[in-house]
There are 2 protein chains.
Amino acid sequence: MTIQRRMILDELRASRSHPTADEVYERVKRKLPRISLGTVYRNLEALASQGAIQRLDLAGVQRRFDHAPAPHHHVRCVRCGALEDIILRGSAHPDQLVQDARGFEILDAKLEFLGICPECREPGPPVPRNSHFH
Amino acid sequence: MTIQRRMILDELRASRSHPTADEVYERVKRKLPRISLGTVYRNLEALASQGAIQRLDLAGVQRRFDHAPAPHHHVRCVRCGALEDIILRGSAHPDQLVQDARGFEILDAKLEFLGICPECREPGPPVPRNSHFH
DNA sequence: CTGCATGCAAAGGGTTTGCACCGGC
DNA sequence: GCCGGTGCAAACCCTTTGCATGCAG
């Protein structure tokens with residue numbers, strides 16, 4: 001556990017926003033100005049593979065990282081791209097949703113909701129859209 | 001509807017495999033040797049935005065394209081990366097799964113299952129793993 | 001001393017874009 | 001001729017990687 005890895009983990013835990021690697025990099029750089037983006041990627045990867053954090057590979061957008069290692073689901077705002085945790089009604093095994101699995105052995109499911117966040121629902125200046133958010 | 005766009009659409013419809021853009025490119029190139037990858041991307045994008053086909057932005061992998069414009073769900077093999085359509089038990093609105101939406105207005109959900117495909121379940125030479133497939 | 005993690009920069013893969021050209025109208 | 005769509009290549013973004021250096025144990 002180097003000082004870089006420590007700061008990266010702290011920064012991630014201090015943030016609720018599921019930051020991207022370069023967001024983590026920008027924040028950690030305030031305290032460790034000589035840290036490199038490569039180091040951030042390497043440490044995020046290492047932390048994820050040891051189960052301390054979670055990689056979020058979401059549909060069609062840049063990868064994000066989650067301080068919480070346990071799997072859970074997310075909502076993404078289709079206007080501004082904001083990403084938040086979401087709470088589902090039940091925690092049924094994905095198998096229970098499947099009628100015909102085409103012979104696959106189902107291990108897991110990735111469920112991402114799309115919607116409009118509270119801020120974007122309010123009237124106001126239009127948020128610049130990004131095709132990735134659809 | 002240029003000849004290029006026609007061939008791209010035909011090739012996609014002839015394929016069940018949800019090909020990537022470069023796979024479409026390789027296949028169409030057999031009949032139109034001078035077609036460029038840029039043209040393939042532009043036409044896939046155009047076809048998708050006019051609703052003739054569907055872009056699949058899946059979690060953590062290269063984008064794929066689906067000849068079927070209607071939304072449906074998929075299974076991805078975590079070993080070989082194969083992607084197939086899947087049939088769910090019901091067609092409940094995603095809202096019904098959500099207990100706390102954090103103020104979001106839920107519009108849609110992207111649901112992707114992960115599993116092992118029939119081929120990869122059989123004993124045999126191990127399929128080279130790709131970290132993207134997890 | 002040894003070795004692993006770092007900083008740096010370059011490479012890599014997938015996708016988008018600028019631009020000149022072409023071909024149909 | 002006009003104009004949109006093309007081919008080509010370069011640019012782009014995110015991510016990974018090779019390498020020499022440096023710090024920790």
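Letters go in sequence order (proteins before strands), and every chain restarts at 1.
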Open item on the list: Short of 4.0 Å, heavy atom to strand atom, which residues of residues 18-28 of chain A count as contacting DNA chain D?
Closed with: none
TODO: Side-chain contact test, heavy atoms from C-beta onward, threshold under 4.5 Å: evaluate it for B:L32 versus B:Q4 and give yes or no.
DONE: yes
Open item on the list: In this structure, how many angstroms lie between the P atom of C:dA5 and the CG atom of A:L47, rounded?
Closed with: 12 Å
- [ ] Go through the structure and list residues passing side chain to side chain donor-acceptor pair (under 3.5 Å) with B:R102, not counting sequence neighbours.
- [x] none
- [ ] Nearest whole angstrom, please: distance from the P of D:dA24 to the CZ of A:R6.
- [x] 16 Å
Task: Pair B:E45 + B:R55: basic N to acidic O under 4.0 Å - done: yes
Open item on the list: I need the CZ-P distance between A:R55 and D:dT15, as an integer number of Å.
Closed with: 9 Å
Open item on the list: C:dT16, OP1 or OP2 - any side-chain N/O from B:Y41 closer than 4.0 Å?
Closed with: no
Open item on the list: Generate the contact string for nucleotides 6-13 of chain C. Rules: B means base contact, S means sugar-phosphate contact only, - means no protein heavy atom under 4.0 Å.
Closed with: BBB-----
Open item on the list: Quick one: does any side-chain atom of A:R121 pair with a main-chain N or O of B:G103 as donor and acceptor, under 3.5 Å?
Closed with: yes
TODO: Please list, chain by chain and in numerical order, all residues satisfying side chain to side chain donor-acceptor pair (under 3.5 Å) with A:H73, sequence neighbours excluded.
DONE: none
- [ ] Would you mind reading off the distance between A:F65 atom CZ and D:dC14 atom P, rounded to a whole angstrom?
- [x] 13 Å
Task: Degree of bending in the helix from C:dC1-D:dG25 to C:dC25-D:dG1 once both end axes are built from five pairs, to 10° - done: 10°
Open item on the list: Main chain of A:A68, side chain of A:Q54: is a donor-acceptor contact present, judged purely on distance under 3.5 Å?
Closed with: yes
- [ ] Hey, can you tell me if A:H18 and A:H74 have their rings parallel, tilted or perpendicular (30° and 60° cut-offs)?
- [x] perpendicular
- [ ] Rounded off to whole Å, could you give me the CG-to-C1' distance for the B:D57 and D:dC14 pair?
- [x] 15 Å
Task: Any residue meeting side chain to side chain donor-acceptor pair (under 3.5 Å) with B:R42, in chain and number order, not counting sequence neighbours - done: none
- [ ] Find the distance B:L56:CG to C:dT15:P and express it as a whole number of Å.
- [x] 12 Å
Task: Distance in angstrom units between B:E45 CD and D:dT6 P, rounded - done: 14 Å
- [ ] May I ask you to test the B:M7-B:I35 pair for a side-chain heavy-atom distance under 4.5 Å?
- [x] no
Open item on the list: Rounding to an integer number of Å, can you tell me how far A:I8 CD1 sits from C:dA5 P?
Closed with: 13 Å
Open item on the list: Is it the case that the side chain of B:R76 and the backbone of B:A59 share a donor-acceptor pair, with hydrogens and angles ignored and the cut-off at 3.5 Å?
Closed with: yes
Task: Heavy-atom closest contact (A:A101 atom, B:V75 atom, distance) - done: O-CG2, 4.4 Å
